[in-house]
**Q** 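The following block contains the structure, expressed as structure tokens.
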Amino acid sequence: MKETVVSGIRPTGKLHLGNYFGAYKNFLRLQEETNAYFFIADYHSLTTHPTPGDLKSSVRRVLAEYIALGLDPEKCTVYIQSDVPETAELYLFLNMNAYLGELERVTSFKEKARTQPNNINAGLLTYPVLMAADILLHRGVKVPVGKDQEQHLEMSRTFANRFNRLYNVEYFPEPTAFNFGTELVKVPGLTGGGKMSKSAGEADSIYLDEEASVLKKKIMRAVSDSGNEPGAPKSQPVQNLFDLMNLVCAPEVIASFEADHKAGSIRYGDLKKQLAEDMETFIAPLRDRIQATLGDSKRLDEIAAYGAEKARLSAQKTLREVREIIGFSR
Ligand code: ADP
Ligand code: TRP
């Protein structure tokens with residue numbers, strides 16, 4: 001039996017380099033080797049965007065990107081979360097055994113509560129429960145995500161184990177965060193802070209369909225520092241630039257800039273120029289494929305319907321069994 005893999009991305013905008021290297025790149029290989037479910041987490045979007053006027057077009061956009069970059073609906077199950085309402089039923093069951101204290105301690109909740117103090121809704125608090133429902137719905141064991149999702153996966157394991165203990169079954173397996181490298185990935189943004197993120201503003205992210213001229217401008221304006229003494233350690237913004245080089249530049253190119261940094265003679269203008277060139281080489285084919293796929297509405301509709309059907313088969317089986325375990329069967 002092949003392992004079951006589940007992952008999703010929220011349709012809050014276009015996919016960026018962080019989404020690609022943190023999550024999506026793994027999807028491509030996993031669809032060849034496992035029983036994989038990749039969905040678009042539109043229910044999750046409501047926790048931060050309660051009336052998302054353009055949700056439909058954002059969902060469409062991510063679906064087009066999923067397909068354009070290589071997900072094959074015959075090799076894996078590609079679906080939209082809200083097309084599978086069994087997700088919501090499992091979320092309800094798991095919510096009955098999720099405790100306020102543990103939910104309030106989740107870092108992403110604390111951060112969101114700080115950034116949207118007027119909308120600390122129950123969905124935000126139970127975000128990790130909905131995420132666990134997504135994964136356990138297909139009894140997933142491997143979850144390809146970036147480093148920022150590690151704590152959410154820990155919660156998913158807690159909920160899976162608690163369910164098993166409570167009903168004295170060994171039904172849900174323990175899901176773990178996964179990446180094909182040795183560690184989970186964190187791609188930095190261009191503005192000198194932590195991870196690349198849409199919420200850090202336009203200048204922070206490199207989108208997978210970024211126009212050549214915009215891409216160049218963004219990279220040339222990326223935050224660096226004012227130079228260093230020979231042998232001094234790298235500042236955070238400079239480390240970020242090296243981390244981005246590591247994704248798209250040749251090892252010898254990186255080594256030469258490393259040597260310049262060590263010698264205290266590095267010119268960040270040159271480094272950024274090189275990074276911009278290599279990034280354009282990487283992005284150009286992705287941009288073309290995304291543009292070509294976006295216009296094909298009919299095909300995207302068919303793919304969504306096909307995926308929903310496959311995902312519901314798996315979800316309905318799980319919910320039938322879960323209802324029986326809890327004691328709702330007649
Ligand atoms: P965003 O943070 O831009 O809103 P999501 O939260 O929807 O994106 O993330 C979708 C997937 O992409 C998750 O698996 C997440 O871990 C991954 N991801 C997002 N940003 C990064 C990043 N900067 N580095 C690595 N992985 C990331
Ligand atoms: N929370 C994830 C993120 O913000 C998105 C997500 C929702 C997800 N449900 C999931 C990821 C299930 C993996 C599995 O990136």
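Order of listing sets the numbers, starting from 1, for every ligand and every atom in it. Values below: all heavy atoms of this structure, side chains included; hydrogens, waters and symmetry mates excluded.
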**Q** Over 60° means perpendicular and under 30° means parallel, so classify the ring planes of Tyr171 and Phe163, tilted if in between.
**A** tilted
**Q** Take the angle between the ring planes of Phe27 and Tyr66 and call it parallel below 30°, perpendicular above 60°, tilted in between.
**A** perpendicular
**Q** If we ignore angles and hydrogens, is there a donor and acceptor under 3.5 Å between the side chains of Asn161 and Glu174?
**A** yes
**Q** Check whether any side-chain heavy atom of Leu208 lies under 4.5 Å from a side-chain heavy atom of Arg287, and answer yes or no.
**A** no
**Q** For each nitrogen or oxygen atom of ligand 1, which protein N/O atoms lie closer than 3.5 Å, and how far apart are they, rounded to 0.1 Å?
**A**
unit_1, atom_1, unit_2, atom_2, d
ligand 1, 2 (O), Lys195, NZ, 3.0
ligand 1, 3 (O), His16, NE2, 2.7
ligand 1, 4 (O), Arg10, NH2, 3.0
ligand 1, 6 (O), Arg10, NH2, 2.9
ligand 1, 7 (O), Arg10, N, 3.4
ligand 1, 8 (O), Asn19, ND2, 3.2
ligand 1, 9 (O), Asn19, ND2, 3.4
ligand 1, 12 (O), Asn19, ND2, 3.0
ligand 1, 14 (O), Gly146, N, 3.3
ligand 1, 16 (O), Gly146, N, 2.8
ligand 1, 16 (O), Asp148, OD1, 2.5
ligand 1, 23 (N), Val187, O, 2.8
ligand 1, 23 (N), Met196, N, 3.2
ligand 1, 23 (N), Met196, O, 3.0
ligand 1, 24 (N), Val187, N, 2.8
ligand 1, 26 (N), Gly18, O, 3.2

**Q** Classify the ring geometry between Phe282 and Tyr20 as parallel (under 30°), tilted (30 to 60°) or perpendicular (over 60°).
**A** perpendicular
**Q** Would you mind telling me which of Leu17, Val253, Thr281, Leu275 makes a side-chain contact (heavy atoms from CB on, under 4.5 Å) with Val248?
**A** Leu275
**Q** Might you confirm whether atom NZ of Lys25 has over 12 heavy atoms from other residues, nucleotides or ligands at distances under 6.0 Å?
**A** no
**Q** Looking at Lys198, I'd like to know if its NZ atom is crowded, meaning that more than 12 non-hydrogen atoms belonging to other residues, nucleotides or ligands lie closer than 6.0 Å.
**A** yes
**Q** Under 3.5 Å, side chain of Arg10 to main-chain N/O of Ser45, donor-acceptor pair present?
**A** no
**Q** For ligand 2, list the protein residues that place a heavy atom within a distance below 4.0 Å of one of its atoms, sorted by chain and number.
**A** Ser7, Gly8, Arg10, Phe39, Ala41, His44, Tyr127, Met131, Asp134, Ile135, Val143, Val145, Gln149
